Amino acid sequence: MRRHPRRGEAGRAVTPTTAVPSERGAEVGRRIGVGLMYGLWKPRVLGAWKVPASGPLIFAINHSHNIDGPMVMGVAPRPTHFLIKKEAFVGPLDPFLTGIGQLKVDRDTTDRTAITRALGVLDNGGVLGIFPEGTRGEGDFAALRAGLAYFAVRGGAPIVPVAVLGSTERSGRLIKALPPLRSRVDVVFGDAFEAGDGSGRRTRKALDEATERIRKQLAAHLENARRLTGR
């Protein structure tokens, strides 16, 4: 007997490539992150109590160093599914990242598979981790891509701004590409906020307006985080 594809809440067919990543896998990733981040560095976490304990959520994280994602994964109070560039899924890292619930995304095109899976995470009440600047840079939230606004409005998920500070201050002696071992890295979680205007509109204009609201909120959080940490 022929089986019909399983369908999600929105009626979309769910195939092995679009299946929602496992939250159990993301929890395993969080535990691995705890061991590595606290074993190699000295994270100082501020504001974690502000993270809603349940329901769909988006972490919007500044991005200036490769350890920013793993650091947030390890110190966040909830397991997180990050949107990660497909170039990172090479060799043994591919099954590993997939196994711990991370999402492969092609940044050079409109990756429908990644979008479907990310929305599935939010539909299931999970946490989606996004670097809204799109790539590693100054980490100042100066230029945001529209993807964050789309996921927040379409997925009905509040955004928690996250500032990672100290990861680029100095280079390690043994591995220049990493911060010095046992150095302090600050992770500051902010207050959750809604990106939309309450109308539910998902037009280009509405998303552009949401992106600007998000940019202001993230910039204000980063300024406050720097003041709190002295960095």
Side-chain angles (χ1 to χ4, degrees), residues 5-23 25-26 29 56-70 72-73 79-124 126-157 159 161-162 164 195-196 200-215 218:
R6 182 167 57 88
R7 292 186 176 273
E9 294 180 7
R12 296 185 298 270
V14 178
T15 67
T17 56
T18 60
V20 178
S22 163
E23 183 165 349
L57 189 67
I58 296 174
F59 286 147
I61 308 142
N62 67 324
H63 195 22
S64 56
H65 198 284
N66 283 329
I67 73 161
D68 295 340
V72 173
M73 185 184 297
T80 307
H81 305 269
F82 277 91
L83 281 167
I84 301 174
K85 62 183 180 180
K86 68 175 185 179
E87 290 82 1
F89 289 74
V90 294
L93 279 179
D94 189 345
F96 172 73
L97 291 173
T98 301
I100 61 171
Q102 306 311 296
L103 296 157
K104 181 191 303 186
V105 61
D106 186 344
R107 299 180 299 175
D108 297 326
T109 185
T110 302
D111 192 335
R112 298 293 181 186
T113 297
I115 291 171
T116 298
R117 300 184 76 209
L119 289 174
V121 167
L122 298 177
D123 287 344
N124 285 350
V127 180
L128 188 63
I130 295 179
F131 299 109
E133 295 158 293
T135 187
R136 193 169 69 252
E138 295 299 320
D140 56 5
F141 293 127
L144 305 189
R145 294 189 174 187
L148 174 56
Y150 174 80
F151 285 119
V153 175
R154 170 66 178 78
I159 296 171
V162 186
V164 181
R201 294 179 302 129
R202 298 202 295 266
T203 62
R204 172 71 67 178
K205 181 180 180 182
L207 292 178
D208 287 345
E209 291 172 352
T211 297
E212 182 57 21
R213 281 192 293 272
I214 292 169
R215 188 193 65 77
L218 298 186

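Atom set for the values below is all heavy atoms of this structure, side chains included, hydrogens, waters and symmetry mates excluded. All figures in this text were calculated on a predicted structure; none of them were measured in a lab.
In this structure Phe151 satisfies the ring-ring contact (aromatic ring centres under 6.0 Å, His included) test with no other residue, sequence neighbours excluded. Among residues two or more places apart in sequence or in another chain, the salt bridge (Lys or Arg N to Asp or Glu O under 4.0 Å) test is passed with Asp208 by none. Take Thr110 and apply the side chain to side chain contact (heavy atoms under 4.5 Å, CB included) test, not counting sequence neighbours, and it matches Arg112, Ile115.
Remark: Leu93 CG to Ile84 CD1 distance equals 9.5 Å, nearest 0.5 Å. How far CD1 of Ile61 is from CG of Asp68: 8.5 Å, rounded to the nearest 0.5 Å. To the nearest 0.5 angstrom, Ile100 atom CD1 is 10.5 Å from His81 atom NE2. In this structure, CG in Asn124 is found 11.0 Å from CG in Leu119, a value given to the nearest 0.5 Å. The line from NZ of Lys85 to CG of Asp108 is 11.0 Å long, rounded to the nearest 0.5 Å. Rounded to the nearest 0.5 angstrom, Gln102 CD and Met73 CE are separated by 3.5 Å.
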_Intermediate values then yes/no, side-chain contact (heavy atoms from CB on, under 4.5 Å), Leu128 and Leu83_ = CA-CA 8 Å; Leu128 188 63; Leu83 281 167; 4.3 Å; yes

*asked:* Does Val164 form a side-chain contact (heavy atoms from CB on, under 4.5 Å) with Asn62? I'd like the steps, not just the answer.
replied: CA-CA 7 Å; Val164 181; Asn62 67 324; 3.9 Å; yes

_side-chain contact (heavy atoms from CB on, under 4.5 Å) evaluation trace for Glu212 with Glu209_ = CA-CA 5 Å; Glu212 182 57 21; Glu209 291 172 352; 5.8 Å; no

_Derivation of the side-chain contact (heavy atoms from CB on, under 4.5 Å) call for Lys104 and Asp94_ = CA-CA 9 Å; Lys104 181 191 303 186; Asp94 189 345; 3.7 Å; yes

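Minimum interatomic distance between Ala152 and Ala195 (heavy atoms only, all atoms of both residues): CB-CB, 3.8 Å. Minimum heavy-atom separation, Val20 to Gly120: CG2-CA, 3.6 Å. Taking each heavy atom of Leu218 and Pro161 in turn, the nearest pair found is CD2-CB, 3.4 Å. Of all heavy-atom pairs spanning Ile130 and Pro132, the tightest one is O-CD, 3.1 Å. Nearest heavy atoms, Thr211 versus Ala149: OG1-CB, 3.4 Å.
No donor-acceptor pair under 3.5 Å is formed between the side chain of Asp106 and the backbone N or O of Asp111.
Ring centroids of Phe82 and Phe59 are separated by 6.0 Å or more, keeping the two rings apart.
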